[in-house]
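Here the structure comes first, spelled out in structure tokens, and everything after it is commentary.
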Amino acid sequence: MAEIGKTKLDSGWVAARSTDIQLTGTQLTTTHPPAGPTSPWMEAVVPGTVLATLVKNKLVPDPFYGLENESILDIADAGREYYTFWFFRTFHCKLSGNQHVDLNFRAINYYAEVYLNGHKMVLPEGMFRRHSLDVTDVLHPDKQNLLAVLVHPPNHPGTIPPEGGQGGDHEIGKDIAAQYVEGWDWMAPIRDRNTGIWDEVSISVTGPVKIIDPHLVASFFDNYKRVYLHSTIELENRSSWVADCALNIQVSTELEEGICLV
Amino acid sequence: EHLQTQHLSISPSARVQYSFPELFFYKPNLWWPNGMGKQSLYNVSITVDVKGHGESDSWSHPFGFRKIESHIDNATGGRLFKVNGQPIFIRGGNWILSDGLLRLSKKRYKADIKFHADMNFNMIRCWGGGLAERPEFYDYCDIYGLLVWQEFWITGDCDGRGIPVSNPDGPLDHQLFLLCARDTVKLLRNHPSLALWVGGNEQTPPHDINMALKYDLRLHPDFAKLDENGQSIEDLS
């Protein structure tokens, strides 16, 4: 039985350029998983960008030393496929009867296809949004789960004018993504436009009812003597029966190390 | 009184919103920006137990009691801030991101943000051409007392100016922009350091986006009287 809570998937990833892989996502997560960081696969930086993975593996120089950025192929010249990458790792998770598990991506740039044990799911466009996939039904309880993510760059990576300039040719502004990546007066262009799984990946195990996005607000009266804490949550019942819930809220403060006031 | 249990039945496959009865505090320790006092943080934990199944989910978050107000000063055109009723002279730094390859470790955030505090700053402005910063960034701003001015992803140079002239109507998909904005607000809204949302850098977003952001981010009617444009005209607390 899995413990309730979140487990980060921030290590053990491998990556490969999509054009170097002739297998489908289904094959990668069923019959033909990568054996490890052997070519064309390499150790991946997750969270991080495709360029961070290439730098880690010394396939490109560190763009922030000297003029090394000039020697890295820009996406405008290389094409979007050049910076479209597979990411792969395995994880183990054994659930009990009424438990559920979500696969969470706190942000990707720019969109992706996720394959878990041969099942395909889509992470839609947008650099600044969370994705949460209920993968309970496709999990393997007694063996490793195979996870592959194909990450695509922004739709409008743009081109960098010879003279540089603020936001390059401004194409990146058409997407919901960081705009500095085409270069600015303080920054050279980022060659992969920050494509990648750039924020936390995790799995979270819950029982039948899940807490979603609590909201805490305080209101103040009588010169800050009277204060009220307002708390709102969303709850999702994933079971097929009525869930009788006890909701607890507790506010504590640590007076000194190891001693809490409730 | 700071420990409360409520009972609720939820229908099969339903998603519901629930508000706890408010918790009362008498003179709680307030959260102050760097240089004005301590950054007192309480821990709020919420759990849900399902009858017959035990604990189903839990959540916790550091919480700082603070009230941040700001308005544009007619005399100077500048924005004036008050925290917990006290005027604050803003000493701010501009911020894009911690690393151009987005290797955004906690260690790196801690060093960078502590450095800002050590420089006697009390605000960091997250520029609209960069990131909506991550919860770990805000964790350290909460701890070190850096107020955060967080901009959404609009810049003049990619949305209306430049050579060639960029698209003045912002990103192509306005609904996607708003979806990302709403999700980002939900990700970050409980941090006491979060002081101000701004539509973009040096300009307002396209009209429909701007109006939607202003509407979504207006004060709750329990907290303020609003005019027909959703602007606060009287603070009821």
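None of these values were measured; they are calculated from a predicted model. Naming: A, B, ... by sequence-line order, numbering from 1 per chain.
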A:N194 side chain vs B:G100 backbone, donor-acceptor pair below 3.5 Å: yes
A:W184 and B:W127 aromatic ring geometry - parallel, tilted or perpendicular at 30°/60° bounds: perpendicular
Whether A:Y224 side chain and B:G85 backbone form a donor-acceptor pair below 3.5 Å: yes
Side-chain donor-acceptor pair present, B:D159, A:Q179, cut-off under 3.5 Å: yes
B:I10 backbone acceptor or donor facing A:N237 side chain under 3.5 Å: yes
Top contributor to chain A interface from B:I154, B:L41, B:L131 [non-hydrogen pairs under 4.5 Å]: B:L131
Proximal component of B:R182, with respect to chain A [non-hydrogen, under 4.5 Å]: neither
Residues in residues 133-140 of chain B that sit under 4.5 Å from chain A, counting heavy atoms only: B:R134, B:P135, B:E136
Atom of A:P214, atom of B:I46 and distance for their closest heavy-atom approach: CB-CD1, 4.2 Å
Closest-packed option against chain A by number of heavy-atom pairs under 4.5 Å, given B:D169, B:L104, B:V165, B:L97: B:L97
Option in B:N29, B:L187, B:L30 with maximal non-hydrogen atom pairs under 4.5 Å from chain A: B:L187
Under 4.5 Å from a heavy atom of chain B, the part of A:I190 involved: side chain
Polar side-chain atom of A:T206 near backbone of B:D57 as donor-acceptor pair, under 3.5 Å: no
Non-hydrogen side-chain atoms of B:T155 and A:Q166 separated by less than 4.5 Å: no
Choice from B:S40, B:S45, B:S19, B:G128 maximising heavy atom contacts with chain A below 4.5 Å: B:S45
Leading residue by heavy atom contact count with chain A [cutoff under 4.5 Å; candidates B:S11, B:A181, B:C158, B:G64]: B:C158
Mutual orientation of the aromatic rings belonging to B:H53 and A:W241 [parallel < 30°, tilted 30-60°, perpendicular > 60°]: parallel
Residue among B:D173, B:I96, B:T184, B:N167 with most heavy-atom pairs under 4.5 Å to chain A: B:I96
Test item: B:D183 side-chain N/O and A:R130 main-chain N/O as donor-acceptor pair under 3.5 Å: yes
Residues in residues 53-63 of chain A near chain B [non-hydrogen atoms, under 4.5 Å]: A:V55, A:P63
Chain A contact via B:N84 - which portion, at a heavy-atom distance below 4.5 Å: both
Min side-chain heavy-atom separation B:L176-A:R129 under 4.5 Å: yes
Engaged part of A:I233 at the chain B interface, taking heavy atoms whose separation is under 4.5 Å: both
